[in-house]
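Have a look at the structure below before the remarks.
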Amino acid sequence: MSQGFTLWFTGLSGAGKTTLTNELLPQLKERGVKIEVLDGDEVRTNLSKGLGFSKEDRDTNIRRIGYVARLLSRNGVGVIVAAISPYREVRDEVRKDVEAHGAAFVEVYVQASLDTLVSRDVKGLYKKAIAGEIANFTGVSDPYEAPENPEILVSSDTETVQESAAKIIDHLEENGLIEPAYHLAQNVEAKFAQFGDLQ
Ligand code: ADP
């Protein structure tokens, strides 16, 4: 069984966590990686229904996501977490927990400047938050603690989605968490050769 991992995307709302997840998912599946996604917005509608946006509730939400990520990744699954996860301490707590269970934890800081986010304003939330209509909005009226030493830094200010995804795939390959593409090609060739023998 291959080593499981948790690929943890942290960053402000609209920075590109979900977009990158959607870009990576088919690429990883194509390579035969067992993969599961825990998306912050989705988790909040089921696993964490009823939780709000105080520090305490946010930390509870992240601990729950971390718990599920740990269960899956210790069984060889690759888990992608896409959640703002603004507090460093609880992210580091989840990292320790996942690693203690023999899986890898790969923190990806999905960075984007506030200017970019306000001009994108995908969900129309930044303008409201800046106008004071949304309390506890991360990056505007609530803190965001950027990772100090993430395994991967991607910037949706300066990179295309494809470039950021390629950085992540490279990291996973270099750290033996997924098979290198050339290895996969060799496997396919070997299968064909085997098939040829049978004919
Ligand atoms: P999050 O999941 O972090 O809240 P989303 O992925 O929902 O963010 O939104 C990011 C938005 O930014 C999308 O509309 C996406 O098309 C856009 N975008 C522009 N450039 C990039 C990039 N390089 N990487 C990721 N997203 C980008």
Side-chain angles (χ1 to χ4, degrees), residues 5-30 35-49 51-55 57-66 68-69 72 78-88 90-91 94-95 105-131 133-148 150-172:
F5 59 86
T6 292
L7 191 60
W8 190 286
F9 291 149
T10 173
L12 297 177
S13 174
K17 302 179 294 296
T18 304
T19 306
L20 259 174
T21 299
N22 293 338
E23 176 70 24
L24 282 168
L25 199 56
Q27 293 191 35
L28 291 168
K29 282 191 172 165
E30 210 169 78
I35 198 98
E36 192 51 83
V37 175
L38 296 168
D39 187 90
D41 290 340
E42 250 179 64
V43 168
R44 277 189 173 275
T45 65
N46 47 69
L47 189 64
S48 287
K49 199 169 180 168
L51 289 182
F53 293 89
S54 64
K55 179 171 189 310
D57 277 8
R58 286 176 187 270
D59 283 351
T60 301
N61 179 42
I62 295 310
R63 285 195 183 100
R64 287 181 189 173
I65 296 175
V68 178
L72 290 168
V79 182
I80 302 182
V81 175
I84 297 172
S85 45
Y87 294 109
R88 196 176 292 137
V90 73
R91 286 196 309 264
V94 172
R95 170 194 290 277
F105 187 88
V106 180
E107 189 174 39
V108 184
Y109 177 26
V110 185
Q111 194 272 335
S113 68
L114 204 53
D115 279 353
T116 300
L117 296 171
V118 172
S119 64
R120 265 185 210 155
D121 213 0
V122 193
K123 299 164 197 161
L125 296 174
Y126 279 95
K127 286 181 188 75
K128 281 191 189 157
I130 288 166
E133 290 165 27
I134 308 175
N136 299 120
F137 192 79
T138 304
V140 178
S141 47
D142 220 44
Y144 177 75
E145 298 172 357
E148 282 170 340
E151 275 77 9
I152 308 172
L153 168 68
V154 296
S155 164
S156 66
D157 278 340
T158 56
E159 295 164 19
T160 64
V161 183
Q162 290 73 22
E163 284 168 343
S164 299
K167 262 192 190 175
I168 294 165
I169 294 281
D170 285 351
H171 179 96
L172 295 174

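This structure is a prediction, so every number in the text was calculated from the model and none was measured. When a ligand or atom number is given, it counts from 1 through the structure's own listing order.
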- Does one side chain, of Thr138 or Arg58, offer a donor that lies under 3.5 Å from an acceptor on the other? yes
- Query: When you measure from atom 23 (N) of ligand 1 to every protein heavy atom, which one gives the shortest distance, and what is it?
  - Reply: Glu159 O, 2.6 Å
- Message: Test ring-ring contact (aromatic ring centres under 6.0 Å, His included) on Phe137 and Tyr126; report intermediate values, then the result.
- Response: CA-CA 8 Å; Phe137 192 79; Tyr126 279 95; 5.0 Å; yes
- Query: Can you tell me which residue and heavy atom of the protein come closest to atom 14 (O) of ligand 1, and the distance to 0.1 Å?
  - Reply: Val122 CG2, 3.8 Å
- Query: Which bit of Leu12 is near ligand 1, meaning a heavy atom under 4.0 Å away: side chain, backbone, both or neither?
  - Reply: backbone
- Report the part of Arg120 in contact with ligand 1, treating N, CA, C, O as backbone and CB onward as side chain, heavy atoms under 4.0 Å; options are side chain, backbone, both, neither. side chain
- Item | Residue portion contacting ligand 1 (non-hydrogen atoms closer than 4.0 Å) for Lys123 | side chain
- May I ask you to say whether Glu159 pairs ionically with Lys167, meaning some side-chain N is under 4.0 Å from a carboxylate O? yes
- Note on the structure: closest protein heavy atom to atom 4 (O) of ligand 1 is Gly14 N, 2.7 Å
- Query: Does at least one non-hydrogen atom of Ser13 fall below 4.0 angstrom from an atom of ligand 1?
  - Reply: yes
- Within less than 4.0 angstrom of ligand 1, does Val161 place any heavy atom? yes
- Would a line drawn from the ring center of Tyr109 to the ring center of Phe9 be shorter than 6.0 Å? no
- Task: Among all protein heavy atoms, pick the one closest to atom 15 (C) of ligand 1 and tell me residue, atom and distance.
- Result: Thr19 OG1, 3.6 Å
- Phe53 six-ring centre to Arg44 NZ/CZ under 6.0 Å and within 45° of normal: yes
- Does Thr160 have a heavy atom less than 4.0 Å from any atom of ligand 1? yes
- Note on the structure: For Ser156, the ligand 1 atoms with a heavy-atom partner under 4.0 Å come out as 21 (C), 22 (C), 23 (N), 24 (N), 25 (C)
- Strictly by modelled atom types, are Thr21 and Thr18 linked by a side-chain donor-acceptor pair under 3.5 Å? no
- For ligand 1, is there an atom lying under 4.0 Å from some heavy atom of Ala15? yes
